[in-house]
Amino acid sequence: MDDTCVLCTRCYHATDHEGHDTSFSMNSGTGGCCDCGDPEAWKIPLRCRHHSSFDELDEMGLEPIVSSPGVPFVPGYNNSECPVRVRRSIELTIAVVLEFILETFATSPVALSSQFDEASIMDDAKNAGFTINDYEPQDHYAVVLWNDEVHSYQDVIDQCTEALQCSHAEAKKIAETVDACGRDVLRVSTSIIDLIDIATTMTNVSLSVSIRAARDAFREQLSASLLIWLRDLACCKFRPLARVFQGKINNEVRSAISCQLCLRW
């Protein structure tokens with residue numbers, strides 16, 4: 001192991017560190033991940049009671065940490081092996097979710113423009129529709145404000161108040177959402193011209209905005225939520241799954257995610 005190997009608090013308290021030299025730190029930024037389960041990170045397996053299989057823990061004489069100790073397994077799903085039909089269902093679900101995410105991101109603009117015109121916005125919606133096999137004309141469009149890590153809260157609040165004719169409290173809520181989530185939908189409308197007016201006011205102080213079909217803005221929002229869902233599945237954060245097929249369902253889910261990510265798209 002080296003100095004870059006770390007455990008999150010949850011996994012640290014679920015493993016045995018008697019005789020180990022340990023240090024603790026708090027990181028409020030982004031980046032990095034827990035090395036629990038990485039065989040290259042540790043000299044000997046740590047056998048985390050959250051993430052190790054039931055067979056591994058039983059061999060070490062350790063009790064797994066599950067959400068309901070009194071009910072160790074879900075009735076009807078307490079076999080030691082995951083059935084083929086369940087495994088196939090997991091694979092198909094992960095494949096469909098990743099396909100949706102990749103299609104959505106493939107149609108998203110790489111660079112944000114500071115110039116807007118109605119024809120280009122409508123062309124973007126049409127081209128995105130060709131990729132996702134949705135050929136219906138789009139009636140609703142959305143203007144989205146993006147976090148650029150440059151402007152202050154007050155910059156965003158002032159411009160939102162002017163562009164949207166909203167209250168200070170409403171503008172502050174938008175600024176907080178952009179800071180926390182990276183973006184926020186400012187307005188949805190059938191009038192692209194009205195949205196261009198809003199976007200122009202925001203770009204007067206070089207704020208980053210985009211105008212897309214409401215369908216595509218929604219798909220982007222949903223894709224972000226699905227990515228978090230996949231991350232939580234891969235990290236075994238859905239504790240009730242530990243009670244399905246003696247905990248082996250988590251391994252099947254992680255394997256399905258890994259296999260799908262390795263496929264050519």
Side-chain angles (χ1 to χ4, degrees), residues 25-33 100-129 131-132 134 136-232 237:
S25 65
M26 296 184 65
N27 182 13
S28 59
T30 58
C33 63
F100 180 91
I101 293 172
L102 291 172
E103 282 186 348
T104 300
F105 289 166
T107 63
S108 298
V110 176
L112 300 180
S113 174
S114 59
Q115 303 293 325
F116 306 94
D117 66 87
E118 189 172 10
S120 296
I121 294 169
M122 295 179 69
D123 285 342
D124 172 67
K126 185 182 297 184
N127 293 334
T131 301
I132 63 176
D134 180 6
E136 292 293 326
Q138 298 301 302
D139 298 325
H140 289 77
Y141 291 80
V143 57
V144 179
L145 173 63
W146 297 80
N147 187 1
D148 58 10
E149 301 292 348
V150 174
H151 292 83
S152 67
Y153 264 53
Q154 197 57 50
D155 291 333
V156 175
I157 291 171
D158 291 343
Q159 292 307 113
C160 284
T161 303
E162 179 182 349
L164 303 174
Q165 296 297 300
C166 63
S167 67
H168 181 275
E170 292 172 322
K172 182 181 179 182
K173 184 176 180 180
I174 292 172
E176 291 171 345
T177 301
V178 171
D179 180 62
C181 303
R183 57 178 253 168
D184 193 21
V185 176
L186 299 181
R187 181 162 296 171
V188 176
S189 174
T190 57
S191 172
I192 297 178
I193 300 300
D194 289 347
L195 298 180
I196 290 177
D197 289 341
I198 294 173
T200 301
T201 301
M202 304 302 290
T203 57
N204 283 340
V205 294
S206 301
L207 286 165
S208 300
V209 294
S210 62
I211 301 176
R212 305 201 70 205
R215 171 203 62 197
D216 301 321
F218 170 75
R219 286 176 63 96
E220 290 171 347
Q221 299 277 88
L222 180 56
S223 293
S225 297
L226 289 173
L227 276 175
I228 294 173
W229 178 71
L230 286 175
R231 179 202 65 188
D232 290 347
K237 289 191 175 182

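Only a predicted model underlies this, so the values are computations on that prediction, with no experimental measurement involved.
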Derivation of the side chain to side chain donor-acceptor pair (under 3.5 Å) call for Q159 and D155: CA-CA 6 Å; Q159 292 307 113; D155 291 333; over 6 Å; no
Side-chain touch R212/S108, heavy atoms, less than 4.5 angstrom: yes
Reference residue V156; test side-chain contact (heavy atoms from CB on, under 4.5 Å); the match among L145, D179, T161, D148: L145
Results of side chain to side chain donor-acceptor pair (under 3.5 Å) for T131 - residues two or more places apart only: none
Value rounded to 0.5 Å, distance of CD1 in I192 from CG in D117: 9.5 Å
F218, CZ: over 12 other non-hydrogen atoms inside 6.0 angstrom: no
Compile the donor-acceptor pairs under 3.5 Å between side chains in residues 193-202 and protein atoms, sequence neighbours left out, one pair per line.
unit_1 : atom_1 : unit_2 : atom_2 : d
D194   : OD2    : S191   : OG     : 3.3
T200   : OG1    : I196   : O      : 2.7
T201   : OG1    : D197   : O      : 3.1

Pair E136 + R215: basic N to acidic O under 4.0 Å: no
Between OG1 on residue T104 and CG on residue D216, distance to nearest 0.5 Å: 8.0 Å
Contact check, side chains of S208 and H151, non-hydrogen atoms, under 4.5 Å: no
Gap between atom CG of D134 and atom OG1 of T107 - 0.5 Å precision: 11.0 Å
Backbone N/O of V144 and side chain of R183: donor-acceptor pair under 3.5 Å: no
Minimum side-chain heavy-atom gap F105-L227 below 4.5 Å: yes
Atom pair CD/OH of E176 and Y153 - distance to nearest 0.5 Å: 5.5 Å
Spacing of K173 atom NZ and C166 atom SG [to the nearest 0.5 Å]: 11.5 Å
OG-CG distance between S152 and D158, expressed to the nearest 0.5 angstrom: 7.5 Å
